[in-house]
Each structure stands twice: as C-alpha cells, then as structure tokens.
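Every heavy atom of this structure was used, including side-chain atoms; hydrogens, water molecules and symmetry mates were not.
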Amino acid sequence: VGFVDGMRVSCDTGPTWLPEFPLPYWDNGTLPALRGMLRNTMSRSPFGHRWWHNDPDCILLGNSTKLTDIEVVSAASIIAMTGGMFLLSDDMEKVSEARLSVAKRIFPLTGVTAVPLDLHSTINGGMPSILRLWCAEKPTTSDDMVDNVAANEIDIINSSESSEGGGMNPGRILREQASKIECEVGYSPGNDVDPYGRERSCFTVAPGLGSWTVVSLSNWLEHTAKLSVSFSALVSHSIEDFVAMGAPKSSMSMTASAANDNTTPGEMSQHGFHVFSFWASEYVWIPHQTLVDNNPLIKKLKPHESEIFHIKPADPSRPQYIGSDLHFSCGFEVASFDYGDRNVRVSLKNSYKKKGSIFIYLPERKGLDKAAIAVNGKPGNVDVVARPSIGQDNNGRVLRVYAEIEGTGVDGDGLITINW
C-alpha cells in the first residue's frame with residue numbers, strides 16, 4: 001500500500017445516529033451517520049500506527065445536531081480508546097461548555113490503539129462493545145531498564161540458538177524487519193518507539209502510578225442493557241507482559257509469598273482491585289475473590305452509552321493514584337507522583353487549563369484525619385468517597401481532591417500536596 005501518514009478508515013460521520021431520509025436508514029455502515037463511523041473506526045483500529053494514523057472523521061460537539069449527550073460521549077470514548085486522529089469541525093465559540101468539556105477530557109490522545117476484545121464475536125451488527133488498553137509506568141532505575149533489555153536479549157539469544165545450521169533464526173529476521181517498519185511509522189508521543197515494546201496497546205505514565213487495565217464498555221443496542229466482561233480478561237496479564245511493555249517489576253503489587261514468574265499481578269496482590277468509572281467519576285473496590293471466582297464486570301448502560309473503566313491492583317502498603325475526571329486515561333494527566341511515610345505529592349501537567357478532581361487511595365495512618373491538603377499552594381477541598389476493606393486491619397480511604405489547572409506552565413500550577 002506504500003507509505004501513508006494518515007488514512008480515513010470510516011464513513012462520514014453525521015448529525016444523527018442513523019442515516020435519515022432521504023438516505024436509507026438501513027445502510028448504516030457506509031452512509032453519513034455516527035453509528036457507521038464508530039463501527040468502521042473500531043473494526044479497522046488494528047491498522048492504526050501500523051500502516052498509518054487512523055482518521056475516524058471528526059467528532060461533532062455542536063447542539064445543532066440530533067446527537068444526544070450520551071452519543072457524543074460514546075463517540076469521544078471510541079476516538080480516545082482507538083488513539084487515532086482527533087479532529088474538530090464545529091465553530092468552537094458556539095459549542096456549549098458541557099460538550100466542550102467532553103473534548104477536553106480526551107485531549108491529548110495517548111497515541112496507542114485499544115484491542116477490541118469482541119471484534120469477531122459481537123452480536124451488535126459488527127459493533128464491538130469492549131475495547132482494552134494497558135498502562136504501565138516508566139522504568140525509573142537502571143536495574144529496571146537492565147531487566148527489560150536483558151529479557152529482550154535472552155529472547156533473541158534463545159531464538160538464535162534454536163535456529164538450524166547456526167544461521168540467524170527466520171523468526172528473528174522477521175522480527176527485526178517488523179521493528180524497523182515500526183520505528184519508521186510508529187507513534188509514541190514524547191518518547192522514542194521501542195521496537196520490542198508492546199506500545200500499540202499500552203501507554204506509559206509517570207513513575208509511581210503503577211500498572212493497570214483500561215477498558216471501555218458500550219451498549220450499541222436500542223434499549224437499556226447490562227453488559228459484562230470476564231474480570232479475569234481485564235487483569236490476568238503475566239509479569240512478562242508488563243515487563244515487555246517497559247513496566248518495572250516494582251510497579252506490580254507483589255507479596256513475598258507469591259513473587260514468581262507464573263503468577264499475575266492480580267494474583268500476587270491478594271488485596272483486590274481499585275475500579276474507577278471515568279465518565280461517572282465513581283469508585284468501587286472489588287475483592288480478590290472476584291478474580292478467583294471469575295465473576296464478570298457488569299454495567300447497566302442506556303442505549304448508545306459508553307463507560308471507561310480503570311482496574312488497578314490494590315496495594316494497602318502505600319498511597320495509590322486511582323484516577324481523575326481530567327483525562328480518560330486516568331494517568332496521562334500526571335507529570336509526577338511521589339509519596340513518603342507522611343505525605344503525597346501529585347504534580348499535574350499544566351500545559352492546558354482544566355478543572356476537575358483526582359482520586360487517591362491512602363492507607364490508614366495516624367494523623368490522617370487532620371491531614372493538610374493544598375492545591376496550587378492554597379487549602380484544598382476534599383471528600384472521602386470510600387473506605388475499602390483492603391488489607392488486614394488496614395482499610396484506608398479514597399479521597400476526592402478538587403483540582404484546578406490554570407494552564408500557565410509555571411511551577412506550582414497543578415500541584416497537589418497531602419501532609420499528615
């Protein structure tokens with residue numbers, strides 16, 4: 001197909017969910033309408049950052065369309081999760097603040113492409129309902145980086161040793177050729193592309209944030225429905241998966257009794273999972289037994305509604321960043337996350353003006369009830385939204401801290417501190 005920077009992968013979007021008269025409503029796969037645009041975008045997402053940057057057509061925010069707020073949020077969710085181009089065509093001065101906030105909460109895109117888990121099994125007329133991304137923090141120590149490089153070198157050596165006649169293994173040749181192409185056409189904002197990394201479905205975040213799964217559920221039916229996905233499909237990744245993506249082993253909630261290469265981060269934690277619903281800004285703690293019993297994650301959604309979930313292994317030994325309503329990734333908005341025995345320091349990226357909340361888990365500690373919380377150097381507003389039963393005799397609490405970023409780019413803008 002040659003070298004192409006970008007390619008439209010969908011039909012035209014439109015101001016309605018289905019084509020309207022004089023267009024035939026039943027041809028909702030190729031004629032201008034939001035449903036067809038979303039279906040094409042998801043089904044062709046595997047092309048993204050492999051052959052070109054996918055162009056899903058623009059997102060329509062204006063109130064002059066017949067699209068509901070729910071449908072606009074769903075369009076934003078799919079554009080964000082598939083990680084292609086982000087295009088606007090509205091007169092921004094005429095867009096309502098509510099609709100504009102939807103666009104702000106998915107910008108900037110992460111540049112990685114989600115995997116449609118039900119691409120070949122969906123019953124919604126070719127419309128996948130489940131998209132999954134992975135997230136891993138960047139290695140911070142030389143030991144972490146050496147471990148990652150060593151793992152790749154061992155894999156190459158083993159491939160070479162298994163080749164016949166002492167020549168280079170054909171698999172290695174194909175891998176190096178694919179890596180060269182990926183380096184030429186791959187996209188990873190702010191970072192060099194690691195030819196051996198699993199960057200297509202994983203974005204990296206600041207050290208200290210950990211590793212987790214991002215999944216979107218969408219109800220494309222014409223009636224309210226309960227959608228479900230196996231919980232084990234969302235959290236059961238091997239250590240090799242996360243290390244291959246560049247995550248330091250220290251970012252996984254390991255216990256001394258379960259630290260072996262055959263267990264998953266979820267199995268190692270034994271303390272359950274933080275689950276955060278992005279658009280609803282809701283938090284819930286899921287016990288570890290849910291994974292053991294292989295119970296599904298279930299969400300009741302209205303017609304054409306989508307929700308983005310973040311599933312992170314809980315660690316009662318330290319503070320954890322749960323997420324925010326500032327950016328759909330619940331991590332891409334963070335410049336740094338640091339903590340000590342009696343403090344937490346969160347620095348949010350401040351290139352753009354934003355207002356919202358962040359959610360932080362704090363293990364129960366003496367003096368926490370009188371914690372001093374500051375936002376941009378001033379006393380901050382905070383709510384306790386949950387007290388999950390994580391760990392033995394150590395429930396902890398989840399705080400919602402209200403944050404405001406002026407977008408000045410100066411030090412201290414977007415800085416949140418908690419001291420007790």
Side-chain angles (χ1 to χ4, degrees), residues 73 76-83 101-114 130-138 189-190 201-217 234-235 237 242 245 247 251-253 265-266 272-286 297 299 306-315 318-339 344 346-350 352 354-362 383 385-386 388 398-403 405 414 416:
V73 168
S77 299
I78 302 309
I79 290 174
M81 293 292 290
T82 53
S101 69
V102 173
K104 290 180 178 179
R105 293 164 76 181
I106 68 170
F107 179 82
L109 298 186
T110 61
V112 295
T113 305
I130 309 169
L131 301 178
R132 183 185 67 191
L133 287 170
W134 291 349
C135 177
E137 66 180 58
K138 300 175 183 177
S201 59
C202 175
F203 59 91
T204 57
V205 292
L209 295 186
S211 301
W212 69 93
T213 306
V214 185
V215 63
S216 66
L217 292 182
L234 305 180
V235 299
H237 310 309
F242 282 99
M245 293 185 290
S251 70
M252 291 165 250
S253 302
F273 304 89
H274 301 295
V275 179
F276 182 70
S277 305
F278 172 71
W279 293 113
S281 291
E282 294 177 349
Y283 167 86
V284 65
W285 173 73
I286 302 295
L297 174 67
K299 178 65 176 179
S306 296
E307 182 56 89
I308 298 176
F309 297 91
H310 297 260
I311 302 96
K312 176 180 291 188
D315 185 350
R318 69 177 186 90
Q320 290 183 283
Y321 186 84
I322 303 300
S324 77
D325 56 14
L326 297 169
H327 193 264
F328 84 96
S329 65
C330 287
F332 214 63
E333 72 279 14
V334 179
S336 64
F337 181 78
D338 303 289
Y339 57 89
V344 175
V346 184
S347 181
L348 300 173
K349 295 177 181 177
N350 54 19
Y352 307 99
K354 287 187 177 183
K355 181 186 296 185
S357 304
I358 68 169
F359 295 75
I360 297 177
Y361 165 74
L362 297 178
D383 295 324
V385 300
V398 175
L399 304 182
R400 177 174 185 164
V401 183
Y402 297 88
I405 304 170
I416 298 170

Are [X] and [Y] packed together at the side-chain level, in the sense that at least one heavy-atom pair is separated by less than 4.5 angstrom?
X: Leu217; Y: Ile130; result: yes
X: Pro388; Y: Tyr361; result: yes
X: Trp134; Y: Thr213; result: yes
X: Phe278; Y: Arg105; result: yes
X: Asp325; Y: Arg400; result: yes

Out of curiosity, [X] [atom1] to [Y] [atom2], how far, rounded to the nearest 0.5 Å?
X: Leu133; Y: Ser216; atom1: CG; atom2: OG; value: 8.0 Å
X: Ile416; Y: Leu399; atom1: CD1; atom2: CG; value: 11.0 Å
X: Gln320; Y: Lys312; atom1: CD; atom2: NZ; value: 6.0 Å
X: Leu326; Y: Ser101; atom1: CG; atom2: OG; value: 11.5 Å

| said: Centroid separation under 6.0 Å, is that true for the rings of Tyr352 and Phe107? | reply: yes
Can you name the closest pair of heavy atoms from [X] and [Y] and give their distance?
X: Leu362; Y: Pro319; value: CD2-CB, 3.8 Å
X: Phe203; Y: Phe332; value: CD1-CD1, 4.2 Å
X: Ser277; Y: Phe309; value: OG-CE2, 3.2 Å
X: Trp212; Y: His310; value: NE1-ND1, 3.2 Å
X: Leu131; Y: Met81; value: O-CE, 3.5 Å
X: Val205; Y: Gly210; value: CG2-O, 4.3 Å

| said: Could you walk me through whether His327 and Leu348 satisfy the side chain to side chain contact (heavy atoms under 4.5 Å, CB included) test, starting with their C-alpha distance in whole Å, then the side-chain angles of each, then the deciding distance to 0.1 Å, before giving a yes or no? | reply: CA-CA 11 Å; His327 193 264; Leu348 300 173; over 6 Å; no
| query | Distance-only, no hydrogens or angles: does the Lys354 side chain make a donor-acceptor pair with backbone N or O of Lys104 under 3.5 Å? | reply |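 Answer holds: yes.
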| query | Do the side-chain N and O atoms of Asp383 and Tyr402 include a donor-acceptor pair separated by under 3.5 angstrom? | reply |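 Yes, a side-chain donor-acceptor pair sits under 3.5 Å.
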| task | Dump the intermediate steps for side chain to side chain contact (heavy atoms under 4.5 Å, CB included) on Ile322 and Ile360, then the final yes or no. | result | CA-CA 5 Å; Ile322 303 300; Ile360 297 177; 5.7 Å; no
| said: Would you call the rings of Phe337 and Tyr321 parallel, tilted or perpendicular, taking 30° and 60° as the class edges? | reply: perpendicular
